[in-house]
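Have a look at the structure below before the remarks.
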Amino acid sequence: MFSLFILLLERVGLIIIVAYILMNVPYFKKMMSERTRLSTQIQLLIGFGLFAAVSNFTGVEIRNNEIISSQIFSTISDDAVIANTRVLTISVAGLIGGPIVGIGVGIISGITRYLIGGVDAYTYVISSSLIGLASGYFGYRAMKVNRYPSIVTGIILGAIMEVIQMICIIVFATYTDNAIHLVKFIAPPMILINSLGVAIFLSIIISTIQQEQRMRAVQTHDVLNLANQTLPYFRAGLNEESAKQAAQVIKDLMKVSAVSITNKTDILAHVGAGSDHHVPRKKIITDLSKQVIHSGEIKEAHSKREIGCTHPGCPLEGAIVIPLYVNNEVTGTLKLYFTDGSKLTYVERRLAEGLANIFSSQIELGMIETQSKLLKDAEIKSLQAQVNPHFFFNAMNTISALIRVDSEKARELLLNLSNFFRSNLQGAKSTTISIKKEIQQVEAYLSLEQARFPDRFNIHFDIDKTLEDAEVPPFIIQILVENAIKHAFHNRKSGNDVFVNVKKVERAIEISVEDNGFGIPEEKREHIGRIEVVSSSGTGSALENLNKRLIGLYNNRSRLQFTTSDTGTRFFISIPLEKE
């Protein structure tokens, strides 16, 4: 009996080793977390069914209560039986996968055992099915509360399942006396081994899952801490200063060799190893980053060659490059570098993926906040620049002068001034308005300016009627027209023309405002739309705010552009039609 115990313990040891290996395979761990799904249960049934079959072929052959053979066999003599770990496999299958897996594995194991032969081989088809049903029932109860049976429960159930096996051997035996003698010989070691094996198998699963949960808790804490510390920087947008601060925080908390953040073309920040040649304000130099920006997919590198840095002394040997998205478009990359490529593991990849999603959301939220601020700023600056006290008093003086000579004209201008105020206030409530309303705003403004300076300038509109309901950011045409009136003609009294054109070009709306003025001075050209340009006739920031709003709303698919010469200037904007 002791020899049988040792032989069965060897076979249980092999099963335990297999269980340990499986629980360290990510795919199998994922299956354990999705065991209620039918597809997972089918996979478990096939896997444990294979184990059960192998258990039959690797059992211990017994004849007349003596051990005959412990080698692998496919058949045994008609007067022999097999002591094996089949019940252990069926029990674990049912406790993990529930009734479908338990019964399925039981039937597979019973049929396999029947084909091997021996005394009353049909008995094991019945006992295996009953064990599968019983273990599956307890597994189903545990699955309902999303738990695994405890280790103590595993010991008890393992013993009960083997007792069911022994009862079936006696009940369905052809010769009851011989069956009782057999049970007395094999029951103690098999009950002990089965209960011990089920408990150990469950303990491996439970401890692995608990370790995974603890690791996730630690990672969640780290991610939240990292997200909290980088939040102010990423919400400031992707620029050199914010990227450098964020990269330093990520490097310190993630313990990587270097961190780099880029936009679509340039390195914004690089902190750590390789910073002598991975320099901010330089073009992206690694092939890996270029591939990620082009494909939008995460890339890994485990050697210098895969990274694609051409610098001969680059110490970086491993990297994860993750795309950063804004409005579903790649806007840059986050790169984690390692001087030892072996430190780049599955854990680092998953952590980096989660962080990239968080950082993308932070950047997008920052852009939304910036847009809100810019819109309000545009409203305030528009009111200050266009409806400031000077403009207001000029308009009122013009209206009061007309009251005596042309009361109807004065009334018309007063209504236009009212409409102008109303349009400014309405435009501040949303990020876009229809082109029709934008033109009405421009016309209200022009009527007041032309009343002050009769015949000083001529405005020519060419608007595609099919685009009147299309949505564009508020104030854009008005700002460009006003810019032309204030800056294009200097003190020229006549012959001043402004052409406003709105048309459809492919899947975009092209808006252009052109004048026949004197052009933009060369020293100011590179600053137009980028920074405030000092002007004696305005705040100097209207075009800068307009350009920022366009870039933020349309993610670099729209921006303020211009051409200029000494015969005039043309500002033009292309706005995607899908933003209607």
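Model, not experiment: these values are computed from the prediction. Excluded from the calculations below are hydrogen atoms, water molecules and symmetry mates; all remaining heavy atoms, backbone and side chain alike, are included. For the single chain, residues carry numbers from 1 onward in sequence order.
Put simply, NZ on K437 and CD on E468 are 13.0 Å apart, with the number rounded to the nearest 0.5 Å. Interatomic distance, OG of S407 versus CD of E412, reported as 11.5 Å (0.5 Å rounding). Note that the CZ atom of R35 and the OG1 atom of T40 stand 10.5 Å from one another [nearest 0.5 Å]. We find the CD1-CG distance between I358 and L324 to be 12.0 Å, quoted to the nearest 0.5 Å. Considering CD1 of I459 and CD1 of I485, their distance stands at 4.5 Å, rounded to 0.5 Å. Atom CZ of R456 sits about 7.5 Å away from atom CG of N491, to the nearest 0.5 Å.
When L546, V513, V442 are each tested for a side-chain contact (heavy atoms from CB on, under 4.5 Å) with I476, only one passes: L546.
Side-chain atoms of V498 and N458, non-hydrogen and from C-beta on, never get closer than 4.5 Å to each other. Counting heavy atoms from C-beta on, the side chains of I477 and I511 come closer than 4.5 Å. When side chains are defined from C-beta on, T567 does not count as touching N516, because their heavy atoms never get closer than 4.5 Å. In this structure the side chain of I267 reaches within 4.5 angstrom of the side chain of S260, judged on heavy atoms. Counting heavy atoms from C-beta on, the side chains of N483 and L543 come closer than 4.5 Å. With a 4.5 Å cut-off on side-chain heavy atoms, T569 and E514 do not count as touching. The closest side-chain heavy-atom distance from V259 to V249 is not below 4.5 Å. For the pair I293/P323, no side-chain contact is recorded, criterion being any heavy-atom separation below 4.5 Å from C-beta on.
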Checklist entry - Under the side chain to side chain contact (heavy atoms under 4.5 Å, CB included) criterion, do L316 and F338 qualify, and how do the steps go? => result CA-CA 6 Å; L316 305 174; F338 304 82; over 6 Å; no

Next on the checklist: Apply side chain to side chain contact (heavy atoms under 4.5 Å, CB included) to residues Y337 and V256 and explain how you reach the verdict.
Outcome noted: CA-CA 6 Å; Y337 286 113; V256 294; over 6 Å; no

Checklist entry - For D497 and F457, what are the C-alpha separation, side-chain angles and deciding distance, and is it a side chain to side chain contact (heavy atoms under 4.5 Å, CB included)? => result CA-CA 6 Å; D497 295 304; F457 46 81; over 6 Å; no

Item to check | Evaluation steps, side chain to side chain contact (heavy atoms under 4.5 Å, CB included), between I573 and L480 | outcome: CA-CA 10 Å; I573 300 163; L480 295 177; 4.0 Å; yes

Checklist entry - Does the side chain to side chain donor-acceptor pair (under 3.5 Å) test come out yes or no for T333 and T262, once each step is laid out? => result CA-CA 5 Å; T333 65; T262 76; 2.7 Å; yes

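Within a 6.0 Å radius of NE2 in H302, other residues, nucleotides and ligands contribute more than 12 heavy atoms.
Each salt bridge (charged side-chain N to carboxylate O under 4.0 Å, His left out) pair with one or both residues in residues 307-330, not counting sequence neighbours, appears once here: E329-R557.
Cation-pi contact between R492 and F518: present, with separation from the ring centre below 6.0 Å and deviation from the ring axis of at most 45°.
For R559, the side-chain hydrogen bond (donor to acceptor under 3.5 Å, both in side chains) partners are N556, not counting sequence neighbours. Here E523 pairs with P521 under the side chain to side chain contact (heavy atoms under 4.5 Å, CB included) rule; sequence neighbours left out.
Relative orientation of the F571 and F562 rings is tilted, given thresholds of 30° and 60° on the angle between their planes.
Ion pairing between E408 and R411 holds under the 4.0 Å rule for side-chain N and carboxylate O. Under the 4.0 Å criterion applied to side-chain N and carboxylate O atoms, K436 and E471 are not assigned as salt-bridge partners. Remark: E240 does not engage K244 in a salt bridge, criterion side-chain N to carboxylate O under 4.0 Å.
The minimum heavy-atom distance between P315 and G274, with the atom names listed, is CG-N, 3.9 Å. Nearest heavy-atom pair, V321 versus L288, reported as atom, atom and distance to 0.1 Å: CG2-CD2, 3.5 Å. The heavy-atom pair separating L467 from I435 by the smallest distance is O-CD1, 3.3 Å. Taking all atoms of both residues into account, the shortest heavy-atom contact from T564 to R525 is CG2-NE, 3.4 Å. Heavy-atom minimum distance, H487 versus H490: O-CE1, 3.9 Å. For the residue pair L268 and A243, the shortest heavy atom distance occurs at CB-CB, 3.8 Å.
Between the side chains of K335 and S289, at least one donor-acceptor pair of N or O atoms lies under 3.5 Å. For E482 and Q478, the side-chain atoms include no donor-acceptor pair closer than 3.5 Å.
Within the 3.5 Å criterion, the main-chain N or O of S574 finds a donor-acceptor partner in the side chain of S558. The closest donor-acceptor contact from the side chain of S360 to the backbone of Y325 lies under 3.5 Å. Under a 3.5 Å cut-off, the side chain of E438 and the backbone N or O of V472 do not form any donor-acceptor pair.
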